Structures are given as structure tokens and as C-alpha cells.
J.: 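Let me begin by handing over the structure; questions about it come next.
Fair warning: this is a prediction, and the values are worked out from it, not measured in the lab. Numbering of ligands and ligand atoms starts at 1, following listing order.
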Amino acid sequence: MRIIVPIKQVPETKAVKMDENTGTIIRDGVESIINPLDLYAIELAIQLKEKYGGEIVTLTMGPPKAEEALREAVAMGIDTAFLVSDRVFAGSDTYATSYILSEAIRKQGKFDIIICGERATDGDTGQVGPGIAAFLDLPVLSYVNHFVDYKDNLCKVHRLVEEGNEILTTTLPALLTVVKEVCEPRLPTLRGKKRAKKLEIPVFSNEELKLDNAELGLKGSPTKVAKIFRPKVARACKKLTATDEKSLESSVAVMIEFMKRKMFIVRSSNTKNNMEQTSKKSSILKNLQTVCEQSSSVEKKPFNLMSNYKDIWILAEQFEGRILDISYELLTRAQDLATKRKTNINAMLFGNNIGDQEINKLILRGADKVVFTDAPELKFFLPETYYRCMIDLIERFKPEIILAGATSTGRTLMPYVAIKANAGLTADCTELDFENETGNLLQTRPAIGGNIMATIKTPEHRPQMATIRPKSTPKALPKNERKGEIIRITPPAKFLKTRVTRKDLIKTEDQIPLQNAEKVVVVGRGIKKAENLPLIKAFADKIGAAIGASRDVVDRGWLSYAHQVGLSGKTITPKLYIGIGVSGAIQHLAGMQTAEISIAVNSDPDAQIFKVADFGIVGDLFEVIPELTKQIRLFNDLMI
Ligand code: FAD
């Protein structure tokens with residue numbers, strides 16, 4: 001098995017600096033590390049080599065200093081490494097980066113599998129893995145959390161999705177992006193370190209790659225950084241101390257009142273915004289060699305006639321024939337933009353045998369037209385079938401903007417389609433607006449672990465594509481009188497060919513998926529041992545909250561990785577976050593600071609978590625939580 005592992009060197013999150021003029025990261029003088037999520041890709045590659053034999057090659061694109069990351073990977077057990085480095089590559093966005101890396105991979109010959117980390121902790125987009133797959137025309141299996149086996153050129157994996165674990169098979173070559181749960185990275189050995197020190201690492205510049213300069217760096221990047229700024233994260237925390245029985249009782253009572261009041265305000269304001277927004281609109285393969293030899297680089301068509309592109313589209317999602325909430329959240333975002341732009345809102349939906357009544361829900365909530373591509377092969381998301389059908393719609397309808405959820409589907413499909421459509425994509429947008437002078441979409445998103453906000457635009461490519469975090473927007477409300485058009489499309493058989501097969505879905509133990517939960521109780525190392533978790537679960541059950549965890553809790557095996565909140569875990573945007581025995585390390589805050597209401601319980605009055613909390617109790621969680629559970633029962637306060 002010949003395995004390729006593209007990796008990235010990233011700055012230490014806290015030490016980040018950005019060039020205000022170019023919007024690029026200043027790496028000089030900043031301590032750099034190997035992207036923590038790439039360590040899992042490296043480890044899985046080593047385990048596969050140990051089991052099936054073969055060779056592992058790693059590569060990275062970056063300045064000469066990025067060679068350090070390659071040597072670290074070699075010290076862990078990777079065989080060979082090369083650096084892709086040239087000044088003309090600087091400033092590349094995810095599109096140009098995927099292009100350069102895919103060409104570098106193509107140049108070094110035959111391979112069976114590419115393994116990438118889920119995302120890099122600096123850019124935090126997760127787009128480069130699917131982007132490389134799109135350029136090399138490979139199937140992409142994202143969010144892989146278990147590699148089952150490899151036999152007769154078929155590999156079987158589990159993929160982490162919102163509903164649980166999908167069991168998928170794919171023929172090789174293919175590209176996997178892996179999450180932390182997939183394995184436990186090993187430490188470099190002394191022998192490995194010695195080998196890494198001596199290993200000659202060739203550098204590929206553009207003299208070797210021979211790519212057109214216009215396709216590289218800032219010039220070759222569809223997305224441009226319009227503005228960067230620092231977000232405000234500090235909140236005015238109302239902190240009470242529970243030292244004795246009396247202060248414990250009273251501070252818990254105040255906390256419950258606080259939660260009730262705040263949740264009421266948040267819910268009312270969401271409903272009001274929702275109604276206002278709704279009323280604004282009146283209508284509205286055998287081996288890779290074969291693949292790579294047959295397909296040269298993706299055809300790059302310039303989209304000169306930008307004026308041909310119109311309307312705001314959403315990628316609606318369904319599961320087992322039921323339209324998912326993210327679709328309605330996207331309609332709210334689309335309504336806001338459509339009002340400003342005075343355009344229609346359309347939805348694209350892929351699935352099988354969904355009735356008009358279900359599809360009509362999208363129209364009642366704001367879509368003017370729903371284009372439903374219907375085939376048994378589209379019942380569940382598969383990268384190849386979905387991307388071909390989506391490209392077909394882009395060619396037919398020429399959407400000016402496409403919004404999708406930052407879900408396991410949206411975060412895989414959108415980067416793949418963006419490459420195939422020669423379009424720009426911005427992940428995890430928190431704000432969308434239009435640039436007055438040009439009408440370009442301004443897409444604002446957190447970057448570098450939430451330390452920086454970047455506003456991105458796509459001036460010369462259409463469609464402009466963006467993903468939006470689930471639960472960051474209220475659902476559009478239905479209006480019974482709304483009318484719209486449903487267009488049903490039966491795709492041709494050639495669109496439905498796939499190298500990936502979905503075998504099954506194992507639903508997970510989580511009754512409330514963390515990322516979609518309105519209320520989340522996050523447990524930190526302060527809980528001391530797994531045996532104490534029932535205390536937290538009892539409280540979470542009382543208020544109908546999902547359970548999240550800090551990395552330390554996951555690393556100790558007290559809760560599974562699916563619960564991890566933070567930079568290398570999930571980003572959550574619940575209405576209510578309650579951190580219990582969580583210190584509030586910057587990497588944890590990166591995953592929760594967009595929560596609407598944040599509450600902390602910690603025995604350390606100076607814990608960082610209080611800086612991002614609206615309300616906090618300084619006290620022993622083993623006293624505070626039982627009291628909280630008791631008082632909530634006492635007040636019959638299940639409706640927080
Ligand atoms: P600690 O920092 O040990 O904090 C425990 C807290 O519990 C303390 O504040 C303490 O005062 C409090 N406490 C103790 N006993 C009690 C008690 N009886 N009652 C009340 N309070 C009590 N971390 C994440 O969470 N998510 C990530 O995704 C993540 N990604 C990372 C990525 C990288 C590259 C790196 C380097 C680190 C990452 N981390 C992440 C780890 C992070 O830096 C912290 O180590 C981690 O968040 C700490 O977890 P904690 O708050 O549970 O533990």
C-alpha cells in the first residue's frame with residue numbers, strides 16, 4: 001500500500017499574528033507545530049503500513065521552515081518526505097493550496113490512499129482534503145473515525161456523521177480525512193529522530209511543478225481577505241461564591257433565575273428576528289495511476305459573464321426523507337440576503353422519493369423554487385453522486401450564491417463542488433452581507449481558533465459559496481399562504497456512478513447530537529474521575545442538555561471524542577453553555593465562545609472560563625451540581 005499524507009505546519013494558536021494588508025498569517029518569529037489533527041493521519045498511515053506493508057510519503061506546502069514538520073512526521077515512522085515551497089505559492093487560499101498539493105502528489109507517481117487530518121487548526125476550514133480529492137478526481141471519505149479493513153482493493157471505514165457512524169466502503173485510490181477518534185498518535189522514537197535528522201528532504205518549487213503562475217498564490221485564489229479584526233470575547237461575568245450551605249443555596253437559586261430569564265430573552269428575540277425576517281419578503285477505480293493519467297488538472301473555466309449568475313440558493317438537507325432543520329436555518333440567512341439584493345431564494349435538494357408535502361415545507365419557509373434531484377442512489381449523501389448532480393444544477397441555474405450547512409455533508413460536498421465549479425468557498429461564516437460598491441458577498445468567519453475574524457469575498461468567481469454553522473441562525477418560520485415551484489429532476493445514470501458504497505449506519509448513544517443541541521453541559525477535568533459523571537448526566541437530563549467534554553476528559557477516556565468541544569473537537573453554538581470544572585483554555589474556548597449564554601462552575605475564582613461566562617459560581621462542583629439538580633426539581637424548572 002502506498003500512502004500519501006499531506007500535512008501542515010501551523011502556528012501555536014495563542015501566538016498568532018496577521019498581516020493586516022494581505023490578510024495572511026505572519027509565521028516569522030511565531031513558534032510553529034505540526035497541525036495536531038494531522039498526527040492522527042500520520043499514525044493511521046503508519047498502522048496501515050504495519051498491517052498491509054508498503055511505503056508512506058508525506059509532503060507539506062509552506063516556507064522552508066515547514067521542513068521541521070516533515071522531519072517530525074518522519075521521526076514518527078513516515079518513510080519519505082518532500083517540501084513544496086516557492087514564493088509564488090504564498091497567500092494561496094484553500095482552492096489554490098489544494099491545486100498545488102494535488103499537482104505535487106500527481107508528480108510523485110502511483111499511490112493507493114491519501115490520508116489527511118480533518119482540518120488545520122489555523123485556517124480551520126477542512127477544505128483542503130476534499131479539495132485535493134476533487135482535483136485528483138478521487139472519492140473523498142471525510143470524518144473517518146475507524147478504519148475497519150482493506151482487502152481486494154476495497155477499504156472499509158466508519159465515518160462520523162450527525163446521526164452516528166456510517167459504514168462505507170470505497171475502492172482505492174481514495175482520500176480519507178480522519179478525526180481524532182481514529183487512533184492514538186505515537187511519540188517519535190529516538191531511532192526515528194536520528195533518521196529524520198539525516199533524511200534528505202527534496203524541495204519542489206514551481207520550476208519542478210511547472211504550474212501557471214496565474215493559478216497560484218493570491219492571484220490564483222478565488223477568495224480574497226477583505227478585512228481582519230479581533231473579535232470581542234470577554235463577557236461581563238456575574239460571579240457568586242458558594243462557600244457554605246447558605247451561600248450555596250442562594251447562589252444556585254440566583255443562577256437558575258438567571259438561566260430562566262436569559263433563555264426567555266434569547267428565545268423571544270430569536271422569534272422576533274425570525275418573524276421580522278420572514279415578513280420582509282412577500283414572495284419570494286482500479287488504481288490511481290489510471291485515474292490521474294486519464295484526468296489532467298481540473299478544467300479551469302473563467303466565469304466572465306458574472307451577470308449571468310443570479311439568485312440565492314441553499315443546499316437543503318434531508319435524512320431518511322425528512323427535511324433537516326439546517327435547511328430552514330439557511331432559509332433565514334437567505335431571506336436576509338435576498339431582501340438586500342432583491343432576488344429570489346431557491347433550494348436544491350437531493351434524495352429519493354420525497355413527497356411534495358415535505359418539499360413544500362421549504363417553500364412555506366421562504367424558498368421560491370425547490371429543485372429536487374430524485375434517485376435511489378441519492379437517498380444518502382455520497383460524495384460522487386451528490387457532486388455531479390450539484391454541478392449539473394450550477395450549470396443549469398447559475399446561482400450567484402450557494403449557502404450550505406457546515407454539517408458533515410456540507411463540509412465535504414461544498415469544497416469538492418467549489419473545486420469542480422472553479423468557485424470560491426468560505427467555511428463557517430458567522431455573518432453575511434454585501435459590499436456596497438460591488439455587490440460581492442462579504443463572508444465573515446472566525447479563524448485561528450476564534451482569535452481572529454476574517455471577512456472574505458470572491459470578486460471574480462461565481463457562484464459565491466459559503467457554509468454556515470448549524471444552530472447559529474433561527475429557523476425560518478412557515479407562512480401557510482406562500483406559494484412556490486417544485487422542479488423534479490431525474491439525473492442520468494452517469495451521474496450516479498460511485499466508487500463509495502454506504503453499507504449501514506450505526507446510530508450513536510447520544511440522544512441529543514452535541515452540535516445541534518440548544519443546551520450543552522460541558523464537563524471538565526474538575527470532575528476528577530469517570531465514576532462521577534452520573535452527577536453531571538443527572539443534571540443535564542433535567543434541563544434536556546447534551547453532554548460535551550473538554551479534551552482532558554476525552555483524553556482520559558471518560559467520554560468519547562464525539563463529546564469533545566474545542567479547537568480539535570466540535571464547535572458548538574448553543575443557546576446555553578454550562579461549563580463544569582472546565583478551566584477555559586484557549587483551545588476549549590475556540591469551540592464554545594459563540595454560545596449565546598455562557599455559565600461556569602469552577603472552584604478557582606481566577607479560572608479563564610469566567611472571562612467568557614455571563615454568570616459563574618465559584619464553588620465545588622460536587623456541592624453546586626447536586627444543589628442545582630435539587631433546586632431545579634424543586635422549582636419544577638424543566639423549561640429552562
Ligand atoms: P483543566 O485545565 O485541568 O481544568 C480543570 C478545572 O477544573 C480547573 O479550572 C479547576 O479549577 C477546576 N476544578 C477542579 N476541581 C474542581 C471542583 N471540585 N469543583 C469545581 N471546579 C473544579 N482542550 C479542549 O477542551 N478542547 C480542544 O479541542 C482542545 N484542543 C487542543 C488542541 C491543541 C493543539 C492543544 C495544545 C490543546 C488542546 N486542548 C483542547 C487542551 C487545552 O489546552 C486544555 O488542556 C484543556 O482544555 C483543559 O481541560 P480542562 O479544562 O478539563 O482541565
Side-chain angles (χ1 to χ4, degrees), residues 7-16 31-40 69 72 117-124 179-181 185 239-243 248 251-252 255 446 448-451 514-515 520-533 535-536 539 547-572 577-593 595 598-613 616-628:
I7 61 169
K8 188 176 185 193
Q9 194 179 42
V10 296
E12 278 275 25
T13 307
K14 280 186 217 172
V16 74
E31 199 194 324
S32 297
I33 53 167
I34 200 163
N35 172 36
L37 299 178
D38 290 344
L39 297 175
Y40 300 88
E72 199 180 323
E118 179 204 337
R119 60 193 153 86
T121 53
D122 55 353
D124 201 21
V179 296
K180 220 181 133 182
E181 223 177 7
K239 225 184 324 178
L240 298 180
T241 306
T243 43
L248 176 68
S251 51
V252 164
M255 176 172 165
I448 331 281
N451 288 350
L514 188 59
Q515 271 175 307
V520 177
V521 171
V522 173
V523 55
R525 196 156 66 95
I527 192 71
K528 301 214 167 31
K529 52 184 179 183
E531 288 71 29
N532 292 330
L533 279 172
L535 186 77
I536 306 292
F539 168 60
I547 302 258
S550 70
R551 185 167 101 168
D552 280 30
V553 165
V554 172
D555 284 353
R556 280 167 178 74
W558 301 344
L559 280 168
S560 69
Y561 173 61
H563 293 268
Q564 187 174 317
V565 171
L567 191 60
S568 48
K570 288 187 172 124
T571 300
I572 54 170
Y577 163 99
I578 306 179
I580 300 171
V582 175
S583 60
I586 188 86
Q587 295 89 351
H588 182 77
L589 303 188
M592 54 64 67
Q593 61 197 21
S598 165
I599 288 183
V601 177
N602 199 303
S603 52
D604 175 4
D606 300 322
Q608 177 81 8
I609 193 78
F610 289 124
K611 297 208 167 89
V612 292
I617 294 188
V618 180
D620 185 345
L621 73 88
F622 296 102
E623 291 170 2
V624 176
I625 301 306
E627 180 64 24
L628 202 47

J.: Once you restrict to heavy atoms under 4.0 Å, what part of P36 touches ligand 1? Side chain, backbone, both or neither.
T.: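 Within the 4.0 Å criterion, P36 contacts ligand 1 through side-chain atoms alone.
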J.: Please assess L535 against L621 for the test side chain to side chain contact (heavy atoms under 4.5 Å, CB included), listing each intermediate value before the final yes or no.
T.: CA-CA 10 Å; L535 186 77; L621 73 88; 4.2 Å; yes
J.: Do V618 and K239 come close enough that some side-chain heavy atom pair is under 4.5 Å?
T.: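 A side-chain contact exists here, since the closest heavy-atom pair is under 4.5 Å.
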J.: Just jot down the ligand 1 atoms closer than 4.0 angstrom to any heavy atom of F622, in number order.
T.: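 Under 4.0 Å from F622, ligand 1 has these atoms: 18 (N).
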J.: Counting heavy atoms only, which of V10, N602, L621 comes nearest to atom 10 (C) of ligand 1?
T.: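 Looking at heavy atoms only, the winner is N602.
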J.: Among residues at least two apart in sequence or on other chains, which ones pass side-chain hydrogen bond (donor to acceptor under 3.5 Å, both in side chains) with E623?
T.: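 Counting only residues at least two positions away or on another chain, E623 forms no side-chain hydrogen bond (donor to acceptor under 3.5 Å, both in side chains).
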J.: Under 4.0 Å from a heavy atom of G524: give me the atoms of ligand 1 that qualify, with their elements.
T.: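 Reading through ligand 1 atom by atom, the close ones are 52 (O).
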J.: Do T121 and Q587 pass the side chain to side chain contact (heavy atoms under 4.5 Å, CB included) test, and can you show the C-alpha distance, the side-chain angles, and the key distance before you say yes or no?
T.: CA-CA 10 Å; T121 53; Q587 295 89 351; over 6 Å; no
J.: For ligand 1, which atoms have a heavy atom of Q564 less than 4.0 angstrom away?
T.: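 Within the 4.0 Å cut-off of Q564, ligand 1 contributes 26 (N), 27 (C), 28 (O), 29 (C).
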J.: When you measure from atom 2 (O) of ligand 1 to each heavy atom in G584, S603, S583, which option holds the nearest one?
T.: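 The option holding the nearest heavy atom is S583.
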J.: Minimum heavy-atom separation for K180 and D555, please, with both atom names.
T.: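 Closest approach of K180 to D555, heavy atoms only: NZ-OD1, 3.4 Å.
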J.: What atoms of ligand 1 come closer than 4.0 angstrom to any heavy atom of D620?
T.: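 Contacts of ligand 1 toward D620, numbered from 1: 17 (C), 18 (N), 19 (N).
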J.: Return yes when Q608 approaches ligand 1 closer than 4.0 angstrom through a heavy atom, no otherwise.
T.: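 It does not; every heavy atom stays at 4.0 Å or beyond.
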J.: With side chains defined as the heavy atoms from C-beta onward, is the minimum distance between S583 and D604 less than 4.5 Å?
T.: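 S583 does not reach D604 side chain to side chain.
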J.: Who's closest to atom 50 (P) of ligand 1 heavy-atom-wise, of S550, A607, G569?
T.: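 Selected option, by shortest heavy-atom distance: S550.
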J.: Give a yes or no on whether the backbone of K8 and the side-chain of D38 come within a donor-acceptor separation of less than 3.5 Å.
T.: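 Checked: pair present.
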J.: Just jot down the ligand 1 atoms closer than 4.0 angstrom to any heavy atom of G566, in number order.
T.: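 Here the atoms of ligand 1 in question are 26 (N), 27 (C), 28 (O).
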J.: What part of A585 sits under 4.0 Å from ligand 1 if we count only heavy atoms: the side chain, the backbone, both or neither?
T.: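 It is the side chain that gets close, since no backbone atom is under 4.0 Å.
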J.: Heavy-atom contact under 4.0 Å between G619 and ligand 1?
T.: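 It does; at least one heavy atom falls under 4.0 Å.
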J.: For ligand 1, which atoms, with element, lie under 4.0 Å from some heavy atom of K528?
T.: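 Every atom of ligand 1 under 4.0 Å from some heavy atom of K528: 14 (C), 15 (N), 16 (C), 18 (N).
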J.: Please work out whether any backbone atom (N, CA, C, O) or any side-chain heavy atom from C-beta onward of V565 is under 4.0 Å from ligand 1, and answer side chain, backbone, both or neither.
T.: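 Under 4.0 Å from ligand 1, V565 contributes backbone atoms alone.
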J.: What is the minimum heavy-atom distance between S560 and E181, and which atoms define it?
T.: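 Minimum heavy-atom separation between S560 and E181: CB-OE2, 4.2 Å.
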J.: Using heavy-atom distances, let me know which of K180, Q587, R556 sits nearest atom 35 (C) of ligand 1.
T.: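 Ranked by closest heavy atom to atom 35 (C) of ligand 1, first place is Q587.
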J.: Heavy atoms, side chains only, cut-off 4.5 Å: are I609 and L589 in contact?
T.: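 They are in contact (side-chain heavy atoms under 4.5 Å apart), so the answer is yes.
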J.: Please answer whether the main-chain N or O of V582 pairs with a side-chain N or O of N602 as donor and acceptor at a distance below 3.5 Å.
T.: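 Checked: pair present.
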